[in-house]
K.L.:
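Supplied in structure tokens, the structure appears directly below.
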There are 4 protein chains.
Amino acid sequence: MIEGARGLMDALKLHALKYKMTPMIGRTHGVHAEPITFGLKFALWYAEMERHLERLRRAADEISVGKISGAVGTFAQISPAVEAYVCKKTGLKPAPISNQIVQRDRHAYFFATLAVIASSLEKFAVEIRHLQRTEVLEAEEPFTEGQKGSSAMPHKRNPILSENVSGLARLLRAYAVAALENVALWHERAISHSSVERVVAPDATILLDFMLRRMTYVIKNLAVYPENMKRNLERSGGAIFSEKVLLRLVEKGLPRDVAYRMVQRHALNVAKNGGDLRQELLRDSRIRRYLSSEEIKAAWDLRHYLKNVDYIFNRVFH
Amino acid sequence: MIEGARGLMDALKLHALKYKMTPMIGRTHGVHAEPITFGLKFALWYAEMERHLERLRRAADEISVGKISGAVGTFAQISPAVEAYVCKKTGLKPAPISNQIVQRDRHAYFFATLAVIASSLEKFAVEIRHLQRTEVLEAEEPFTEGQKGSSAMPHKRNPILSENVSGLARLLRAYAVAALENVALWHERAISHSSVERVVAPDATILLDFMLRRMTYVIKNLAVYPENMKRNLERSGGAIFSEKVLLRLVEKGLPRDVAYRMVQRHALNVAKNGGDLRQELLRDSRIRRYLSSEEIKAAWDLRHYLKNVDYIFNRVFH
Amino acid sequence: MIEGARGLMDALKLHALKYKMTPMIGRTHGVHAEPITFGLKFALWYAEMERHLERLRRAADEISVGKISGAVGTFAQISPAVEAYVCKKTGLKPAPISNQIVQRDRHAYFFATLAVIASSLEKFAVEIRHLQRTEVLEAEEPFTEGQKGSSAMPHKRNPILSENVSGLARLLRAYAVAALENVALWHERAISHSSVERVVAPDATILLDFMLRRMTYVIKNLAVYPENMKRNLERSGGAIFSEKVLLRLVEKGLPRDVAYRMVQRHALNVAKNGGDLRQELLRDSRIRRYLSSEEIKAAWDLRHYLKNVDYIFNRVFH
Amino acid sequence: MIEGARGLMDALKLHALKYKMTPMIGRTHGVHAEPITFGLKFALWYAEMERHLERLRRAADEISVGKISGAVGTFAQISPAVEAYVCKKTGLKPAPISNQIVQRDRHAYFFATLAVIASSLEKFAVEIRHLQRTEVLEAEEPFTEGQKGSSAMPHKRNPILSENVSGLARLLRAYAVAALENVALWHERAISHSSVERVVAPDATILLDFMLRRMTYVIKNLAVYPENMKRNLERSGGAIFSEKVLLRLVEKGLPRDVAYRMVQRHALNVAKNGGDLRQELLRDSRIRRYLSSEEIKAAWDLRHYLKNVDYIFNRVFH
């Protein structure tokens with residue numbers, strides 16, 4: 001899994017750099033907000049995977065312990081030297097203290113960590129599913145020649161790999177719940193955790209490994225449509241640039257409230273009925289009392305929105 | 001909650017009937033599939049809520065039991081007549097057998113039922129969030145005059161009520177997990193379930209009641225944009241009608257495989273590069289060997305897709 | 001699973017009747033409370049399984065639906081007659097309305113039901129594990145000749161079957177969580193539920209079937225030690241009979257508070273330091289002012305505690 | 001919570017040292033296994049809390065980040081200098097990259113960590129509940145003068161604080177599930193996580209703080225009954241010493257299998273019918289062929305079982 005996480009990070013970094021300055025609309029609540037770049041998404045995910053890599057290492061480290069301390073952990077019938085020897089041979093650290101078993105808080109922590117990672121992979125997968133929506137179509141999962149998107153509908157290309165990863169994250173979360181219930185064993189050990197671990201240990205690790213590799217494949221081979229990103233960016237008739245106009249009005253001394261309503265009226269109108277917000281604002285005499293034609297037009301400059309992308313990338317890819 | 005479920009069903013039925021024949025694109029995997037009507041979505045949800053209403057009644061019935069059978073359930077120091085009397089007065093059935101308490105499988109079943117209902121409400125909420133996406137914009141949550149969609153961005157109208165319901169479903173699922181862990185109490189009762197129920201019982205019931213009412217409000221006051229539905233329906237250059245052409249080719253004796261590839265080539269091309277699938281198919285001499293111009297054009301008739309809506313509505317609103 | 005539930009009910013009923021009047025101590029909070037009979041435990045579980053059988057039937061009924069309504073549920077390319085025909089042949093009811101699939105609230109409800117049943121099986125298993133504790137030893141799981149309880153410790157007989165069932169209940173709860181997350185699919189269907197169901201559907205059903213059969217085997221072949229039950233019943237020096245004495249004092253007109261403290265002092269003392277509560281009470285002149293020697297001794301009559309067992313059995317095994 | 005964890009560690013360490021050499025029976029599967037000391041339990045828990053303290057610090061560190069990077073994280077309308085200034089003032093690190101919010105994998109990891117800690121507290125609580133069982137009675141929760149264990153039964157002292165902690169752990173696990181579902185937000189943020197966090201953030205942190213303090217109080221004021229530990233240790237007629245005899249036989253050259261059956265026969269017999277295993281073994285002429293009377297008696301020396309307690313303590317309290 002550590003290798004898989006690294007592989008995914010490599011793919012994310014490559015895409016972050018490749019699409020660093022490819023503009024697209026940023027969306028909050030599913031609704032157009034302000035411009036971003038496609039590379040920023042990958043950089044965000046890269047930073048997230050970097051955290052996961054560190055968490056995974058810690059979690060793996062926490063369960064890389066052994067114990068050969070006898071039936072109740074007292075070394076009554078066996079010397080600690082045996083434990084030390086075997087642990088050394090197998091690359092494990094001896095648990096400083098154990099009863100019949102290594103304590104299961106370690107394993108709960110491990111499987112909870114896998115569930116957090118899986119939930120991030122779900123986030124990436126959901127994003128790709130969103131971008132592949134017919135109306136958005138800014139990116140698509142790899143689709144091999146001759147593949148059927150749908151047995152009934154010849155026109156379909158479905159993000160089935162990402163949907164698959166979305167679903168698997170639910171299983172990883174479920175396994176973590178079961179592992180958490182395994183902690184509170186009775187006295188020096190009851191074996192109720194065993195049946196759980198026989199399922200969860202192989203299934204959770206194999207599935208997360210699979211998810212990491214599947215997402216890496218999807219990212220690496222993602223079809224990206226910058227022209228559609230551009231088209232979507234322009235779709236709202238410029239409404240997305242309204243924040244910049246609002247801020248300008250406030251700088252000119254208007255109370256925020258007043259400025260907000262002045263701009264919102266036009267923005268909602270354009271969003272609903274179409275039209276071009278820039279033209280509407282240029283035509284509004286109340287607004288023109290505060291802003292020149294140049295100042296209004298400046299809000300439409302994408303460079304304004306992307307001027308700190310370099311700064312952010314420097315923080316992520318240090 | 002039963003009242004809330006009924007209120008939501010009423011709102012869903014009204015909308016199902018109102019939009020019964022309002023065509024829109026059906027989407028699978030987030031990708032355009034075949035035409036449906038907006039009313040069908042509400043009818044589907046109505047049928048789902050009808051199941052939930054029945055489940056809720058059963059679940060409520062299962063916990064509407066009482067017991068006054070003494071410290072370990074033996075009626076050693078108290079007569080069964082007292083239990084019968086008090087239960088009658090309070091509208092409860094006496095539990096046929098109890099130990100110190102009414103058994104918690106009843107409550108687990110109750111809270112699990114609430115979690116299933118909440119998960120359906122999440123489905124409705126997610127649908128509305130999807131339909132309110134800028135690129136889709138087929139429906140929008142109610143938005144009162146003067147409301148700010150975003151403090152920073154004057155153009156925004158965000159589906160925050162549906163997002164709220166989406167999140168609350170996670171809590172309801174979580175509460176069900178805790179209630180399930182409450183079943184296995186020790187012997188004639190241990191009180192470990194009490195701390196859980198003091199949180200889960202009020203929170204889960206209050207939240208589901210709130211979710212039901214909030215979704216009812218959203219549905220009742222939903223802004224619906226049939227013109228945008230029409231625009232989206234036409235967006236794919238007709239690719240969504242390809243299934244019908246495919247089936248026609250098969251009826252003419254072509255192996256499904258062959259027909260599929262003949263149609264898919266055009267469908268994917270149009271989906272990617274734009275254009276009009278009908279024209280492409282009419283121009284394809286291989287296809288024209290099997291289908292007349294009329295047969296191809298017939299695939300574009302929406303009435304074909306909606307011919308069984310009445311039949312479905314009759315099954316749902318019996 | 002329905003057959004498995006019935007088999008378990010049969011075993012429980014047999015044991016309920018067999019041990020109907022076998023006295024043992026009832027325990028709340030793990031601490032001795034008042035006498036019960038061993039049969040009452042089985043009767044309680046029987047009533048619980050009866051509820052589960054009914055829930056299981058409903059849940060099975062809810063998923064025994066089919067749909068052949070086309071890619072988005074409109075019967076656009078296929079006649080409802082086909083659905084009716086195939087459903088009839090396969091013993092399914094047609095879903096009154098569907099989109100690409102049968103809605104997943106049905107399956108979530110099904111798997112949640114399995115989780116509730118599993119949690120009850122865990123309760124039975126935990127009870128057996130408690131009864132098999134060395135200090136309690138009122139019952140033991142079947143243990144075949146030649147079986148090793150522990151590879152290290154020849155004297156051990158461990159309740160491993162019940163521990164196994166305890167653990168498996170955690171998995172069933174986990175699967176229900178994943179199934180609940182499967183409800184909120186996108187639009188007319190996204191396939192994110194599929195990977196979950198490929199794991200959960202076989203694993204949850206196979207495991208619950210296994211748990212039901214395993215618990216049936218354990219119950220059927222349980223080693224029961226009535227003499228140890230009797231020994232434990234007498235262990236507390238009679239403190240468990242203190243409630244009866246308390247109630248008698250109250251009947252004589254003493255305020256409950258005063259009576260409570262009068263009895264508690266002796267009860268805690270005997271519980272801590274040993275001795276015989278009956279003797280202590282007989283020797284307490286304050287108590288003797290209210291209760292005759294006969295009245296005190298009457299509290300020790302087990303028949304008093306078990307006088308309503310018949311009544312309870314009649315309610316359960318109607 | 002960090003302070004609460006430290007407080008609990010202090011209490012555990014004190015008890016570990018105080019009861020370092022207080023012998024008691026170790027139990028696996030709830031069944032007597034081999035002798036341990038009461039101090040070993042506390043030392044094991046101390047080591048577990050030490051891991052938790054470290055995990056808690058990491059988790060707190062991971063969410064101690066801030067972001068003031070604008071509506072979609074681009075610093076379009078605000079300088080990174082503001083973020084740097086505010087974060088410094090508030091003691092947070094700036095998130096290296098953000099969209100509208102700090103990413104929720106951090107919070108999921110935080111709440112999952114709390115759930116793991118809560119599950120360990122449940123383990124401690126379950127242990128105390130076991131030790132307070134009437135038949136075991138090796139320790140009891142603090143019970144203030146005048147407190148009623150049960151309103152009905154004057155003799156009862158119930159481990160209600162530990163039962164309360166057991167239940168609360170279920171809530172903490174549930175909250176972690178909800179927090180894990182919060183990770184996969186849409187695009188540059190959807191607000192579905194907010195309703196969850198408004199419940200989970202205060203409730204999970206307040207509850208874990210409460211659990212830590214409650215367990216500290218219970219441990220600090222635990223009533224410990226070494227004489228009962230001694231009584232239980234001797235209860236099995238010496239069967240628990242059988243492993244030592246078995247090992248001796250193997251050392252003498254007997255195949256393990258043969259030795260096992262030779263000892264098990266007596267051990268199970270004594271466990272079931274009472275008697276004294278040492279006497280039985282001394283009387284068995286087959287065994288006496290291999291072991292002298294002194295060798296058999298040596299198995300009964302508790303010092304043998306406790307000889308490595310010092311070694312273990314040195315590893316834990318380094």
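In the text below, chain A, chain B and the rest are named by the order of the sequence lines, each starting its count at 1. Computed from heavy atoms alone, side chains included, the values below leave out hydrogens, waters and symmetry copies.
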K.L.:
So what's closer than 4.5 Å to chain A heavy atoms on D/Asn314: side chain, backbone, both or neither?
P.N.:
neither

K.L.:
Should D/Trp186 and A/His29 count as side-chain neighbours, where that means a heavy-atom distance under 4.5 Å?
P.N.:
no

K.L.:
Is A/Asp105 salt-bridged to D/Lys123, going by a charged N under 4.0 Å from an acidic O?
P.N.:
no

K.L.:
Could you tell me which non-hydrogen atom of D/Ala43 sits nearest to which non-hydrogen atom of A/Ile97, and how far apart they are?
P.N.:
CB-CD1, 3.6 Å

K.L.:
With a 3.5 Å distance limit and no angle check, can you tell me whether D/His304 reaches the backbone of A/Ala76 through a side-chain donor-acceptor pair?
P.N.:
yes

K.L.:
Closest approach of D/Thr74 and A/Asn308, non-hydrogen atoms and distance?
P.N.:
O-CB, 3.5 Å

K.L.:
Go through the atoms of D/Ala125 and report whether side chain, backbone, both or neither lie under 4.5 Å from a heavy atom of chain A.
P.N.:
neither

K.L.:
I'd like to know if D/Glu83 and A/Arg315 make a salt bridge, using a cut-off of under 4.0 Å between side-chain N and carboxylate O.
P.N.:
yes

K.L.:
Between A/Glu188 and D/Lys41, does any side-chain N to carboxylate O distance fall below 4.0 Å?
P.N.:
yes

K.L.:
Which atoms of D/Lys244 are under 4.5 Å from chain A, going by heavy atoms: the side chain, the backbone, both sets, or neither?
P.N.:
both

K.L.:
So, for D/Val72 and A/Ala33, which heavy atoms are closest and what is the spacing to 0.1 Å?
P.N.:
CG1-CB, 3.7 Å

K.L.:
What part of A/Leu247 is in contact with chain D, defined as an atom under 4.5 angstrom from a non-hydrogen atom: side chain, backbone, both or neither?
P.N.:
side chain

K.L.:
Which atoms form the tightest heavy-atom contact between D/Ala71 and A/Thr28, and what is the distance?
P.N.:
O-CG2, 3.8 Å

K.L.:
What distance do A/Ser119 atom OG and D/Arg104 atom CZ have between them, rounded to the nearest 0.5 Å?
P.N.:
14.0 Å

K.L.:
Pick from A/Pro35, A/Gly26, A/Ala47, A/Pro96: which one has the most heavy-atom pairs with chain D under 4.5 Å?
P.N.:
A/Pro96

K.L.:
Between D/Ser98 and chain A, which part of the residue has a heavy atom less than 4.5 Å away: side chain, backbone, both or neither?
P.N.:
backbone

K.L.:
Hey, is A/Arg106 close enough to D/Glu48 for a salt bridge, meaning N to O under 4.0 Å?
P.N.:
no

K.L.:
Mind ranking D/Phe313, D/Tyr311, D/Phe75 by heavy-atom pairs under 4.5 Å with chain A and telling me who comes out on top?
P.N.:
D/Phe75

K.L.:
Does any heavy atom of chain D fall under 4.5 Å from the side chain of A/Arg51, the backbone, both, or neither of them?
P.N.:
side chain

K.L.:
Between D/Tyr109 and A/Tyr109, how do the two ring planes meet: parallel, tilted or perpendicular, split at 30° and 60°?
P.N.:
tilted

K.L.:
Select one option (side chain, backbone, both, neither) describing which atoms of A/Val309 are under 4.5 Å from chain D's heavy atoms.
P.N.:
neither

K.L.:
Looking at NE2 of A/His187 and CD1 of D/Ile25, how far apart are the two atoms once the value is rounded to the nearest 0.5 Å?
P.N.:
10.5 Å

K.L.:
Using a cut-off of under 4.5 Å for heavy-atom pairs, which of D/His318, D/His130, D/Lys307 has the most such pairs with chain A?
P.N.:
D/His130

K.L.:
Between chain A and each of D/Ser69, D/Ser79, D/Pro80, count heavy-atom pairs under 4.5 Å; write down the option with the most.
P.N.:
D/Pro80

K.L.:
Taking only heavy atoms into account, what residues of residues 165-180 of chain D are found under 4.5 Å from chain A?
P.N.:
D/Arg173, D/Val177, D/Leu180

K.L.:
Between D/Gly70, D/Gly30, D/Ser120, which shows the greatest number of heavy-atom pairs under 4.5 Å with chain A?
P.N.:
D/Ser120

K.L.:
Quick one: what part of D/Gln100 sits under 4.5 Å from any heavy atom of chain A, side chain, backbone, both or neither?
P.N.:
side chain

K.L.:
Give, as side chain, backbone, both or neither, the part of D/His52 having an atom under 4.5 angstrom from any heavy atom of chain A.
P.N.:
side chain

K.L.:
Mind running salt bridge (Lys or Arg N to Asp or Glu O under 4.0 Å) on A/Glu127 and D/Arg189 for me, showing each step along the way?
P.N.:
CA-CA 11 Å; A/Glu127 180 71 24; D/Arg189 190 258 192 115; over 6 Å; no

K.L.:
Would you call A/Val183 and D/Glu122 a side-chain contact if the rule is heavy atoms closer than 4.5 Å?
P.N.:
no

K.L.:
What part of D/Ile128 lies closer than 4.5 angstrom to a heavy atom of chain A: side chain, backbone, both or neither?
P.N.:
neither

K.L.:
Are the side chains of A/Glu62 and D/Arg55 in touch, meaning some heavy atoms are under 4.5 Å apart?
P.N.:
yes

K.L.:
D/Glu181 versus chain A, heavy atoms under 4.5 Å apart: side chain, backbone, both or neither?
P.N.:
both

K.L.:
So which part of D/Leu246 gets closer than 4.5 Å to some heavy atom of chain A, the side chain, the backbone, both or neither?
P.N.:
neither

